[in-house]
Amino acid sequence: MAETPPSPIKSSIAAALRETATPPSPPPVVPPAAASAAPAGSAPGPASPPSELVTIKLDGRDVQAKKGANLLEVCLANGVDVSYFCYHPGLSSPAVCRQCLVEVVGQPKLVPACFTPIADKMEVNTSTSRVLTIRRQMLEFTLVNHPVDCPICDKAGECTLQKQYQDWDHEGSRSSIPKVHKPKMQDLGPHIVLDAERCILCTRCIRVCDEVAGQKQLTMAWRGDREQLTVAPGHQLDNPYSLNTVDVCPVGALTSKDFRFTMRAWELFTTPSVCPGCSTGCNVEVHHAQGEIWRLVPRENLQVNKYWMCDEGRFTYKDVRHKRLTSARIGGGKGQPAQITSLDKAVAFAAERLEKLASSGATIGLVYSAQTTNEALFALSQVAQKLIARGANIRSYVTGTASKPERADKILRSADTNPNAAGAALFAGAGAGDAGALLADLKAGKLKGLWMVGADLPLSEQALADAAPIVDGLDLFICQAASDSALLRRAHVQLPAAVWAEVDGSFTNNKHLVQRLRKAVAPQGDARSHLELISQIAKKANLASGEKWQVSARQAFLQMVSVVSSSLPVGTDPAQSVAAGFASADWGKEFLPVQLRFANSRG
Amino acid sequence: MPADRNFKIVTRLFGVQNSNRIDVAMANGAYKRLPTAFAMQPQALVDEVKKSNLRGRGGAGFPTGMKWGFIPKGADTVYLVCNADESEPGTCKDRELLFWDPHLLVEGMIIASYALGCKHAYIYIRGEMIREAAVLQKAVDEAYAKGFLGREQQTALGPYKVDLTVHRGAGAYICGEETALLNSLEGKRGWPRLKPPFPAVKGLFGKPTIVNNVETLMNIPFIVEHGGQKFADVGVGKSGGTRILCMSGHLKKPGVFELPIGITFRQVIDEVCGGTHSGKRVKAVIPGGSSMPPLDPSELDVPIEFDALMNDPRIKPVQYKPGHNFELAPGKPLRAMAGSGGIVVMDEDTDIVAVCARIMRFYAHESCGQCTPCREGTGWMAKICTRLADGYGQPGDVDLLSSIAYGIAGNTICPLGEAAAWPMMGFITKFRPDFEARLAQSRGLPPAGYHGAHP
């Protein structure tokens with residue numbers, strides 16, 4: 001039995017990802033975890049003035065900490081590894097796993113660090129032989145009835161229990177008793193399967209439902225070592241945040257029906273990005289391998305989504321795979337089928353026709369889709385100015401997918417299903433019309449040409465098919481789209497666009513935060529980012545050449561930020577104005593995909 | 001200490017016919033103390049209880065007056081809860097008290113409620129006590145009918161009214177733990193709460209709450225009638241009053257006895273209960289409910305008093321491995337505790353390993369499952385102990401049992417962990433040869449289909 005504590009854990013990938021999170025949060029006085037709003041119940045004892053700093057002795061060294069702060073968080077912030085299962089920074093502390101027991105001088109019993117507030121002159125020992133013995137004993141208790149079926153467990157490789165065992169124990173089992181058997185493969189709801197034997201009864205999932213989703217759907221049944229997690233009879237775990245329970249599960253008890261048995265965790269790579277599901281812009285990690293996305297998981301951002309995201313957002317990755325437009329087509333319109341061609345030819349075709357149309361002084365509609373990145377929209381606005389200079393009459397429209405008021409709640413989900421509505425509105429300008437105006441103008445024949453950057457309209461598939469013939473009167477219809485649609489099929493130039501997970505760029509969320517997207521997987525087929533397509537057309541049409549925004553997404557971002565902030569009165573509150581959000585935007589550092597085998601546990 | 005073993009405070013009506021009827025009870029003095037109490041200021045009542053050295057009779061022996069003093073000054077809503085969820089194996093005093101003299105409890109609760117400023121008191125009675133619950137409910141109904149409950153009374157503070165609700169538990173040992181009881185009373189799962197905050201600060205429905213045992217509250221009328229000093233004089237040292245002992249096991253005359261504090265185990269066994277029924281020597285005594293470390297025959301001359309059992313050097317310290325004392329605090333080894341007064345006497349024919357296995361199965365069955373050490377540890381100990389008792393012990397089992405118990409004790413949310421771990425360590429400390437002998441007779445691995453602790 002080692003008297004010295006094992007080395008502190010390697011800095012986890014989560015911490016690395018957190019540093020790159022955009023926008024940069026103000027430099028924290030205490031670690032982000034400790035700075036998070038303490039949920040009710042997690043801060044026992046007097047809540048005292050929060051800013052009061054006191055000095056405690058942590059394993060013999062003096063450490064400054066906020067009075068009343070959570071001891072476990074202070075330990076972690078100071079690089080002292082205290083193992084834990086039931087504690088979660090976004091949830092209350094029930095102190096049930098007893099894994100974080102530490103010695104506080106003057107207290108006869110060991111105390112759970114996660115439920116101990118910092119007091120002045122406190123002396124804490126986390127690695128005396130007594131603490132280590134008990135910690136190992138707690139781990140042994142946790143493992144007594146755990147099936148240890150790691151080879152067939154979906155959580156293997158990112159399991160907290162597995163990691164704790166490797167970090168702290170490494171010893172054989174002293175148990176020779178038969179394990180308690182509990183139900184396996186229990187269907188808890190539309191997205192989740194429970195293996196009750198693997199469950200270590202930490203109650204994190206129960207607290208996620210209670211405290212985050214606000215719906216009491218999970219509970220414990222039975223008692224003693226027969227205790228098991230369950231939903232009430234006749235009920236389901238079907239709240240819109242149910243998959244967070246899988247994320248917080250420290251073992252493989254709760255697994256996602258969507259992800260289970262598809263990939264081993266250690267084969268996945270992670271890239272930080274932003275969910276495109278709605279205007280909230282939850283920060284996500286895109287987990288991908290072999291050029292495919294396998295799942296999205298939430299990434300900590302205390303300003304936006306804390307540690308959570310909704311179930312619907314997790315499934316947005318499916319659109320990356322399905323119904324994609326993978327090659328360029330030209331010559332469609334008026335019901336004629338378009339011909340597949342190379343991207344270069346299609347771009348050249350579009351550029352030639354666009355140039356001609358612009359010089360003729362015709363009215364051209366430009367569609368800014370709220371599903372596309374700020375950079376592409378900025379580029380389109382730059383091209384619009386050039387087109388005006390050529391004599392064209394430009395009308396701008398902001399479109400996007402339909403708003404869904406029924407999905408809005410006060411937690412994370414918002415009614416606006418477009419991730420970049422704020423950005424689109426900013427770049428399209430004040431006089432821009434909406435989708436209704438676009439359809440009306442098309443019907444009235446006011447437009448000669450139409451260039452859609454993103455073919456997203458708030459119409460159902462059927463309604464879109466019915467409305468599609470109104471574009472037949474156009475002389476030129478350039479449509480950049482990620483997926484096939486009735487509208488796209490009527491375009492003269494159909495260009496395959498990359499989607500959010502395939503591009504670098506940024507989205508502006510409903511709180512005016514400009515958040516960074518990172519390219520996780522390569523675009524499918526011939527698809528290119530909207531920015532690149534705009535850039536190529538502009539170049540071929542002699543509308544722009546060698547402009548900064550044509551070089552790269554990063555250059556486009558930098559130019560965009562300087563242009564937007566130069567037009568802004570100093571000191572404007574980001575909450576009031578979208579433009580102010582851009583002024584504080586940061587591209588962040590480049591981030592190579594990291595394989596999850598180095599990530600340890602996520603739980 | 002009164003020499004008179006017949007001095008009674010709470011068991012005066014035991015054996016009186018129809019004593020739980022209000023007319024009979026009132027003829028014997030019930031509710032006569034109310035005017036005295038109502039004439040006093042609440043603080044004076046609390047001071048009187050402090051002076052009386054009344055200590056909690058549920059098991060921990062915490063001074064009642066001090067507990068009452070923890071209620072924050074100026075609290076608007078305060079609850080008083082009577083813990084009648086008596087489930088400790090070997091303890092059967094509250095059941096008898098509730099059956100014979102429920103009105104004394106009601107009277108005690110009215111006085112305590114007035115002292116604490118409580119307007120609604122609860123009695124949480126164990127679900128299995130069906131007969132007692134009916135008796136108690138009838139007594140409460142009678143008290144309502146007579147106007148002692150639910151009607152305004154003139155007091156030193158002006159008009160005062162208290163309501164009393166009897167709530168039946170659903171049959172869980174853990175709901176005798178005060179915070180689990182409060183959760184259960186609120187309609188939640190009977191899981192103990194983390195402390196702090198203690199119930200006196202944040203208890204039932206988030207309000208300051210005092211949880212007292214049945215016997216504790218039944219002592220209050222005596223304190224009001226005769227003064228705290230008289231009550232303290234009846235007792236010994238820092239323990240006031242008398243003590244009810246529930247004598248069971250291999251005794252000639254088992255039963256529930258109210259006896260003076262300070263009587264020794266040997267005196268009770270030999271003089272009150274007439275010795276063992278077989279006439280054989282005593283082998284082991286459980287001193288205060290099955291969650292206390294047992295005593296061996298050499299330790300029976302210790303008085304049955306809270307402090308004596310904890311500190312008397314005649315009681316050997318409990319060890320978690322040979323030569324290592326289990327300490328409650330640095331320099332304070334665990335010896336024994338008076339607990340809830342449930343004394344179980346075992347004669348020399350007793351199979352100690354089987355007794356231990358039975359106790360362990362009880363705690364494994366009753367562990368609430370909230371925190372890891374107790375949930376997994378009690379089940380583990382029960383399985384090993386049962387296996388050992390059945391003759392399928394494995395080498396190292398005895399040390400493993402001690403080691404598991406050491407891992408549980410003191411590391412759990414509530415005292416159920418200790419309740420399982422202390423007797424385990426205690427039995428092994430004092431009866432290790434029994435365990436070793438059983439291990440030596442082991443028949444090897446259990447046969448296929450052997451389920452041990454979980455049939």
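Within every chain, numbering begins at 1; the chains are lettered A, B, ... in the order of the sequence lines, protein sequences first and strands thereafter. These numbers come from the heavy atoms of this one structure, side chains and all, not from hydrogens, waters or symmetry mates.
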Are A/R204 and A/C249 close enough that some pair of their side-chain heavy atoms sits under 4.5 Å apart? no
Portion of B/A409 that has a non-hydrogen atom of chain A nearer than 4.5 angstrom: neither
Taking side chain as everything from C-beta outward and backbone as N, CA, C, O, which of these in B/S403 sits under 4.5 Å from a heavy atom of chain A? Side chain, backbone, both or neither. both
A/K184: partners by side-chain hydrogen bond (donor to acceptor under 3.5 Å, both in side chains), with sequence neighbours left out: A/D195, A/E197
With a 4.5 angstrom heavy-atom cut-off, which part of B/Y406 approaches chain A: side chain, backbone, both or neither? both
Is chain B contacted by the side chain of A/S175, its backbone, both, or neither, given a heavy-atom distance below 4.5 Å? both
Interface moiety of B/L328 toward chain A, non-hydrogen atoms closer than 4.5 Å: backbone
Check whether B/E327 gets within reach of chain A through its side chain, its backbone, both or neither, counting any heavy atom under 4.5 Å. neither
Does any backbone or side-chain atom of A/P112 lie under 4.5 Å from a heavy atom of chain B? Answer side chain, backbone, both or neither. neither
So, the part of B/I408 with a heavy atom under 4.5 Å from chain A: the answer is both
Closest approach of B/P72 to B/A200 (non-hydrogen atoms, all atoms of both residues): CD-O, 3.3 Å
Taking side chain as everything from C-beta outward and backbone as N, CA, C, O, which of these in A/L101 sits under 4.5 Å from a heavy atom of chain B? Side chain, backbone, both or neither. side chain
State which residues pass side-chain hydrogen bond (donor to acceptor under 3.5 Å, both in side chains) with A/D210; sequence neighbours excluded, sorted by chain then number. none
